[in-house]
Amino acid sequence: MNIVSWNVNSLNVRLPHVLRYLEAKKPDVLALQETKLPDEKFPRQAIEEAGYHVCFSGQKTYNGVAILSRAKPEDVLAGLPGFDDEQKRLVAATVDGVRIVNAYVPNGQEVGSEKYRYKFRWLDAFERFLAGELGRHERLVAVGDFNIAPTDADVHDPKRWRGKIMCSEAERERFARLLALGLTDAVRAVHPDAPMFTWWDYRLNAWARGWGLRIDHILASPAMQPADAGVDADERAAERPSDHAPVWASFK
DNA sequence: ATGGTTGTACGACAA
């Protein structure tokens, strides 16, 4: 089973990229974040014509998540249970017996800000939710834009980013706690040391300079052993790209 | 250089 996560930063703009990607890579599951579309404007027909089922939870202008899958999604859930939130950041579904959890974790804007505090409240609820899901589903993969670079190996310039948003010790501790639930970081399981980034800021010519962070992740339960994993960084070099590249993992 | 770009939507905010 091939599972991909991609923050597309507007599915309106990136629909051609997504359709081309589906045709080229034929993943079993493609989880999208930042679709920025209300549900009534979701391009369901184009995705179904490409041979995929889809479930989604979106809103106008901001956020929005979707799961595209070859097999029909079952037990679809939108939003974190017990966490009342207008922001559409989570959708989960069971695909081919595998529980797929697709998250767009809040960015946090700046360490110490109100949005930073919201990020931690959201992560609190997310951790509780994942613990429950792991109790119900032996085969589980949690993917998405976590907006956290787990270690300095996931940062182009650790000194420049030290203590900054997505790299603070408090955020990294929360990410470590997710792994402590029994999840494996699939990319790091396959590539323990290699610098691998998934996001490059649109500003400052960051892509051309190699100024990236690894903030998009695929976390797998013990029953899901990654056979291979990587980042399709060439998507960041495409015409009118998202600022994120797809991250993928294959499972036996 | 506390810089810069993109998306949404048409000013300002989020990332």
Side-chain angles (χ1 to χ4, degrees), chain A residues 5-21 31-43 46 56-66 79-80 85-91 102-123 126 143-150 154-168 170-172 174-175 197-217 231-247:
Chain A
S5 176
W6 193 4
N7 179 325
V8 290
N9 185 22
S10 168
L11 186 54
N12 258 339
V13 175
R14 240 63 71 180
L15 180 61
H17 304 64
V18 167
L19 294 175
R20 177 171 38 74
Y21 188 89
L32 304 179
Q33 304 87 35
E34 285 206 87
T35 54
K36 299 187 175 180
L37 285 167
D39 289 350
E40 63 270 21
K41 293 197 174 167
F42 194 92
F56 45 81
S57 175
Q59 66 189 96
K60 196 159 73 94
T61 310
Y62 302 117
N63 309 311
V65 283
L80 284 170
D85 193 359
E86 311 238 314
Q87 303 189 26
K88 307 303 186 188
R89 295 181 174 277
L90 185 123
V91 64
N102 177 21
Y104 174 46
V105 177
N107 169 279
Q109 194 165 57
E110 188 179 358
V111 172
S113 67
E114 177 50 46
K115 289 192 175 70
Y116 186 72
R117 288 187 287 277
Y118 165 68
K119 183 176 196 172
F120 283 81
R121 291 199 303 277
W122 199 94
L123 285 166
F126 184 52
V143 310
D145 178 358
F146 286 69
N147 271 312
I148 301 174
D154 305 309
V155 182
H156 69 92
D157 184 348
K159 276 186 190 165
R160 178 194 178 95
W161 281 90
R162 186 179 175 85
K164 296 284 198 301
I165 195 68
M166 301 186 277
C167 298
S168 71
E171 290 167 90
R172 287 178 169 179
R174 290 308 178 99
F175 186 84
F197 308 136
T198 64
W199 170 81
W200 298 259
D201 201 314
Y202 283 126
R203 297 167 289 187
L204 293 171
N205 207 17
W207 162 252
R209 296 161 114 157
W211 290 358
L213 265 59
R214 191 175 71 96
I215 56 175
D216 302 86
H217 305 296
V231 177
D232 288 323
D234 52 328
E235 285 294 340
R236 186 61 179 80
E239 191 170 339
R240 210 177 179 192
S242 168
D243 46 352
H244 296 250
V247 56

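Taking atom C1' in both dG4(B) and dA15(B), one finds a spacing of 13 Å when rounded to whole Å. Spacing of C1' atoms, dG3(B) relative to dT8(B), comes out at 23 Å, to the nearest Å. For the P atoms, the distance linking dT6(B) with dA1(B) amounts to 24 Å, nearest Å. Taking atom C1' on both nucleotides, dA14(B) is separated from dA9(B) by 13 Å, rounded to a whole Å.
Both Pro241(A) and Gly108(A) sit near DNA chain B, but only Pro241(A) has its closest nucleotide nearer the 5' end. Summary of the strand contacts: Arg240(A) and Asn147(A) both lie near DNA chain B, and taking for each the nucleotide with the nearest heavy atom, the more 5' one is attributed to Arg240(A).
Note on Arg14(A): only backbone sugar-phosphate atoms sit closer than 4.0 angstrom, heavy atoms only; bases stay farther off. At the heavy-atom level, Arg160(A) lies nowhere under 4.0 Å from the strands shown. Residue contacts shown for Asn205(A) are absent, as no nucleic acid heavy atom lies under 4.0 Å away.
Judged as a salt bridge (Lys or Arg N to Asp or Glu O under 4.0 Å), not a single pair has a partner in residues 238-247 of chain A (not counting sequence neighbours).
For Asp201(A), the salt bridge (charged side-chain N to carboxylate O under 4.0 Å, His left out) test picks out Arg203(A), with sequence neighbours left out. Judged as a ring-ring contact (aromatic ring centres under 6.0 Å, His included), and not counting sequence neighbours, the contacts of Phe120(A) are Tyr116(A). For Phe126(A), the ring-ring contact (aromatic ring centres under 6.0 Å, His included) partners two or more places apart in sequence, or in a different chain, are Trp122(A). Asp216(A) pairs by the salt bridge (charged side-chain N to carboxylate O under 4.0 Å, His left out) definition with nothing, not counting sequence neighbours.
Nucleotides of DNA chain B that come within less than 4.0 Å of any heavy atom of chain A span, from the 5' end to the 3' end, dG4(B) to dA15(B).
A cation-pi contact, defined as under 6.0 Å to the ring centre and within 45° of the axis, is absent between Arg14(A) and Trp6(A).
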